[in-house]
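Just so we're on the same page: letters track the sequence lines, and every chain starts at 1. Everything numeric in this text was worked out from a predicted model, so none of it was measured.
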There are 2 protein chains.
Amino acid sequence: MKRGHRSRIRRDLRQEILAFIVRWYQQERTYPTVREIQKGLKISSPSVVDYHLRRLEEEGLIVRVGRRSRGIRLRRWPDGLAPEADLIPIPFLGSIAAGEPIPNPGATPLAWIRIPRLWLVDGNGLFALRVQGNSMVDALVGDGDLIIVKPIPQVEEGEMAVVWLADRHETTLKRVYREGDRIRLQPAHPAMTPLYVPAEVVHIQGKVVQVLRNLNGIPLPGGQYSPSTGREDK
Amino acid sequence: MKRGHRSRIRRDLRQEILAFIVRWYQQERTYPTVREIQKGLKISSPSVVDYHLRRLEEEGLIVRVGRRSRGIRLRRWPDGLAPEADLIPIPFLGSIAAGEPIPNPGATPLAWIRIPRLWLVDGNGLFALRVQGNSMVDALVGDGDLIIVKPIPQVEEGEMAVVWLADRHETTLKRVYREGDRIRLQPAHPAMTPLYVPAEVVHIQGKVVQVLRNLNGIPLPGGQYSPSTGREDK
DNA sequence: ATCTTAGCCGAACATTTGTTCGATGTCAAG
DNA sequence: CTTGACATCGAACAAATGTTCGGCTAAGAT
């Protein structure tokens, strides 16, 4: 490029540099160096890139990380492309079906499902369960749905909760109502009757905070590799 | 650490290095240098780190990228933590409600929602819509749900589709049945009657492939920054 | 007791990467 | 026509980063 070319394309080179950084990051999952940008955009000298990076920094579009290698950080990313805080691994503990206990949230998960962080108000301690059965269809939760459960000891009246019944040794998904010293576990299904149990056998394990359904089949949990087993991530 | 310390902790240092790289990447969204690993694990010399990295490479657990800075790549990542191919940006085009057209999928989206790539069989051309109304509750799709739509020109008999009615200038979400030269658009709601329309006014815009519901409120679409508008990512 | 090997270490070197500098050219403003 | 600002450029330098080297120690094998 000719020296000192002053026209509106000068601003385009800065846009090209920003776009290059985004493309590089999407492909390599790391930041480029000044010389990688230079070569990628066919610029003769790294000092040209450095010049424009300093202008971009003055414009508040990037941040430089001292003299560190690959130390260029974008302050703004195009939608859906930012590297930060993207997915939270939630342990998938299995299916919830009447008569079967689910493991404690601290148990070794069967798999992990990765939820975008932006979808979660509070990502701590969540776990995932597959719903078996149709007892909650009137709450728009169906057989095969994946539910994300927030472990809490109590729910609001009428909230949908994962409940452990100590006397029956079973877990169930129901709406919870207190009636005197009994608990009414209410299905959301026209043909099913509620279950009345003494309050002391009811252990709330958590409430449903999210429902995920893939109409083409069961949503794939994340890859199943864990460091202790050494199996490969897919 | 004492020189030549030979015991089972030698293998643990390699595991520590791998774990450090994962932690560093989760936090910084870039790979660490040899000296950053050295300092982070309180090792006296970068050559110790280099020694173990060479062992890890021989074991097939990492790959080195020539003599490049930050050139250590893990071949396996713990579940849910791999940097690659995580989120697909899907354009959020607005709400689907009777009487209101939705924009063409190519239109400028109102926002973007980021879906884990693993959840999508085919990520091409998908778009997201917010459901308004309860006409499809018996298909377990309710008011406020976010649906992911795959643009296709035809659906199977009885599939749930986003349909544009040219004569009424409205979009609707219904199950689609062919009856002679008419189309029956069937709500999934006990109190609603189907709509019969001439086949030629029916334009299938896509079918629902995923339903996402956040019981705490409306799922947040991804950040709203786009390069052309310059607004800040949140 | 001796030898071998793994692991650690500090120092130094090689290469990569970030940055500076002086020179040059172009264009708009005065 | 002159001046100043902007952009480019090659060369060189400074700092960061990857890698090598020789040495030391401890533990296992012989």
Q) In whole angstrom, what separates A:L13's CG from D:dA7's C1'? A) 9 Å

Q: Apply ring-ring contact (aromatic ring centres under 6.0 Å, His included) to A:Y51 and list each qualifying residue two or more places apart in sequence or on a separate chain.
A: none

Q: Round to the nearest Å and state the distance from A:R55 atom CZ to D:dA7 atom C1'.
A: 10 Å

Between the protein and nucleotides 19-21 of chain C, list the N/O to N/O atom pairs that are separated by less than 3.5 angstrom.
from   : atom 1 : to    : atom 2 : distance (Å)
C:dT19 : OP1    : A:G66 : O      : 3.0
C:dT19 : OP2    : A:R64 : NH2    : 2.3

**Q.** Atom-to-atom span, CD of B:Q38 to P of D:dT19 - whole angstrom
**A.** 14 Å

Q. Once you round it to whole Å, what is the distance between P of D:dG18 and CZ of B:R73?
A. 11 Å

Q. Rounded to whole angstrom units, what separation is found between the NZ atom of A:K39 and the C1' atom of C:dT17?
A. 11 Å

Q | With sequence neighbours excluded, residues passing salt bridge (Lys or Arg N to Asp or Glu O under 4.0 Å) with B:R64 | A | B:D50

Q.
From CD1 of A:I37 over to C1' of C:dG18, roughly how many Å is that when rounded to an integer?
A. 12 Å

Q) Are B:R54 and B:E57 close enough, and set up right, to give a salt bridge (charged side-chain N to carboxylate O under 4.0 Å, His left out), and what steps lead you there? A) CA-CA 5 Å; B:R54 281 188 279 111; B:E57 191 172 18; over 6 Å; no

Q: Would you tell me if any nitrogen or oxygen in the side chain of B:R70 comes within less than 4.0 Å of OP1 or OP2 on D:dA16?
A: no

Q: Round to a whole Å and report the spacing from CD of A:E58 to P of D:dA7.
A: 10 Å

Q: Please state whether the rings of B:Y31 and B:Y25 are parallel, tilted or perpendicular, taking 30° and 60° as the class boundaries.
A: tilted

Q) Is there a donor-acceptor pair closer than 3.5 Å between any side-chain N or O of B:R29 and the backbone N or O of B:W24? A) no

Q: To the nearest Å, give me how far apart CD (B:E36) and P (C:dT17) are.
A: 14 Å

**Q.** Phosphate contact (C:dT17 OP1 or OP2) by B:S69 side-chain N/O below 4.0 Å
**A.** yes

Q. Is there a donor-acceptor pair under 3.5 Å between the side chain of A:Q210 and the backbone N or O of A:I148?
A. no

